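All values reported here derive from a predicted model rather than from experimental measurement. Just so we're on the same page: letters track the sequence lines, and every chain starts at 1.
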Protein chains: 2
Amino acid sequence: MTDDGPRPVKTTKASIALVRAVHDSDGATLSELADRLEMAKSTVHNHLHTLVDEGFLVRDGDTYHIGLQFLPFSEHARTRNPLYAPARRRVYALAEQTGNEADFIVEENGRAYSLEYAIGESSRGGLPESSPFRAGNRFHMHNCASGKAMLASMPESRVREIVDRWGLPGTTEHTITAESALFDELETIRDRGYATNDEELIDGYRSIGASVTSPDGDVIGAFSIGGPTYRMAVDEATTEEIAQLLSEEIDALEAGLF
Amino acid sequence: MTDDGPRPVKTTKASIALVRAVHDSDGATLSELADRLEMAKSTVHNHLHTLVDEGFLVRDGDTYHIGLQFLPFSEHARTRNPLYAPARRRVYALAEQTGNEADFIVEENGRAYSLEYAIGESSRGGLPESSPFRAGNRFHMHNCASGKAMLASMPESRVREIVDRWGLPGTTEHTITAESALFDELETIRDRGYATNDEELIDGYRSIGASVTSPDGDVIGAFSIGGPTYRMAVDEATTEEIAQLLSEEIDALEAGLF
DNA sequence: CACGCCCGTTCACACATTCCGAACGCTTAT
DNA sequence: ATAAGCGTTCGGAATGTGTGAACGGGCGTG
């Protein structure tokens, strides 16, 4: 499952587990963390102080939060991708044109990361910055439109690697959790040129995505457009229209790159 | 100097040092890192594999890079700040109005972090995303306009804490490196209501900053406007004009918050 | 074509370090 | 007044980290 290859450094893993726990609970106290991770309070104490000293956690009274020290590294990683700057602008353009949510997603280590996200003017009232696809979020490849679009453009061996590594966890009753079903779906996606996510990640959210590839066929990212089901019609005409829009933006982007 | 309080976790510190080294050298190989940090290759090997497994580093051939796993945490930390969303828009507005660079900076753990950055349309040709104040960067408080503006609004005891913890390293010949000079400067800033950075961080870069405070006087952030010296005039009229603009935006922001 | 260099990888060993649990001081609620 | 909860401190024990030497592969060079 989590085969590290050689010898995982357990102490580092413990520190990271603490950071993850703080992240997931959106702030936690020392005792909460010790209980949750089944570590001695004194051990947690030492780790937390070290992480605060390094700026990765911040202490506010007796609760710990994620620190801003992640920012320099994350911006470094994000902007290192040459696609980021051009894709960024297209995400904003797509959001405005469709009035829905748009994002740009890349794959790393078998997971999908949203590098940029925007929501169209007309829809901004509802949920301003709380979409699941907000920049910075991480997904499994098989349950979002962009992820499936990228999988469909990869060699089968790579797809199997990713599925073996991360599995196909289900989050709604529509999630594809069987490997054979996934491969069928990827075939369909290749045929029509775009992928859909019909309430496969969260209930009530639909999206359409398409991948960006380099001239030699390597996948380098994906765009998707989505929104709540009441705003994203399921009829084929609308879907095709959005897919067409995506396709145009992607062609333009690819043309400008090489 | 780096007093951790209780008992620092050395293994975690080692992992973090590796990440920092990868960040600073913008990609590094195992041997380079072992040399630079004077660690055994086998030790570095184990740490790197653990960090890759967790997604904080990525391996590309034989060189390691910063991984996208920092993104979810950094976005979490950034958006946890209630000022982020409203400040974000004002940064873009300020950039457009002045045609220069604008950013919003907050203090954490005695350091200044740029949460958002934008550059005005008219100046975008030159250096699009390469400014020192790009979102995500971290500074010392004493050598940027926003940092000094925040220091000036803090109780003296806090300023001393920060200076003791991080020192006053100089990066240009204009940097304030003496504690007494810094306190004089803070007095001046309090008198006129805004801070300046006249090539104190990097040569050829000037900026003007002012702090945002809560009704009870706590500093919660700062905005600044800056650019290369050839675009940022030194005459008092221009400076006052920019300070006035900052002041208006900050008043409007504070009014909307409480 | 073969040699040697440099890279990452593996392994067994020794000791430094982490981890633990119990005890302490503090604040808050009962 | 008392007790329960919190974070903190500390000594001791064993685990796990760090080390260095040896291995194997890839690449450029002689």
Enquirer: Closest approach to the side chain of A40(A), judged atom by atom: which nucleotide of dT17(C), dG21(C), dG18(D) is it?
Expert: dG21(C)
Enquirer: When you check the phosphate oxygens OP1 and OP2 of dG7(D), does a side-chain N or O of H45(A) lie under 4.0 Å from one of them?
Expert: no
Enquirer: Distance check: side-chain N/O of R59(B) vs OP1/OP2 of dC7(C), anything under 4.0 Å?
Expert: no
Enquirer: Does dC20(C) have its OP1 or OP2 closer than 4.0 Å to a side-chain nitrogen or oxygen of T43(A)?
Expert: yes
Enquirer: Does the base of dG7(D) carry an N or O that pairs as donor and acceptor with the side chain of S31(A) under 3.5 Å?
Expert: no
Enquirer: K13(A) NZ to dT15(D) P: how many Å, rounded?
Expert: 20 Å
Enquirer: With the side chain counted from C-beta on, respond yes when K148(A) and I189(A) share a heavy-atom pair under 4.5 Å apart, and no when they do not.
Expert: yes
Enquirer: Ion pair present between E116(A) and R90(A), side-chain N to carboxylate O less than 4.0 angstrom?
Expert: no
Enquirer: Looking at every strand, decide which applies to S42(B) at a 4.0 Å heavy-atom threshold: base, sugar-phosphate, or nothing.
Expert: base
Enquirer: Roughly how many Å is it from CG in L37(B) to P in dG18(D), rounded to a whole number?
Expert: 12 Å
Enquirer: Is the shortest side-chain N/O distance from H47(B) to OP1 or OP2 of dG18(D) below 4.0 Å?
Expert: yes
Enquirer: Between P on dC19(C) and CG on L30(A), what's the gap in Å once rounded to a whole number?
Expert: 14 Å
Enquirer: Without decimals, in angstroms, what is the distance between H49(B) NE2 and dC7(C) P?
Expert: 16 Å
Enquirer: Classify the side chain of K41(A) versus the base of dG7(D) as yes if they form a donor-acceptor pair under 3.5 Å and no if they do not.
Expert: yes
Enquirer: Hey, is the side chain of T29(B) pairing donor to acceptor with the base of dG8(C) inside 3.5 Å?
Expert: no
Enquirer: Would you tabulate the side-chain donor-acceptor contacts of residues 31-46 of chain A under 3.5 Å, counting partners in other chains and residues two or more places apart, or write 'none'?
Expert:
residue, atom, partner, partner atom, Å
H45(A), NE2, H49(A), NE2, 3.3

Enquirer: In whole angstroms, how far is the P atom of dT9(D) from the CG atom of L48(A)?
Expert: 13 Å
Enquirer: Between R80(A) and D26(B), is there a side-chain N and carboxylate O pair less than 4.0 Å apart?
Expert: no
Enquirer: Expressed as a whole number of angstroms, how long is the span from E32(B):CD to dC7(C):P?
Expert: 8 Å
Enquirer: Find the distance D62(B):CG to dC7(C):P and express it as a whole number of Å.
Expert: 9 Å
Enquirer: Determine whether N81(A) and V106(A) make a side-chain contact, defined as any pair of heavy atoms from C-beta on separated by less than 4.5 Å.
Expert: yes
Enquirer: Closest approach to the side chain of R7(A), judged atom by atom: which nucleotide of dC6(D), dT8(D), dT17(D) is it?
Expert: dT17(D)
Enquirer: Take atom NZ of K10(A) and atom C1' of dT15(D), then tell me their distance rounded to the nearest Å.
Expert: 8 Å
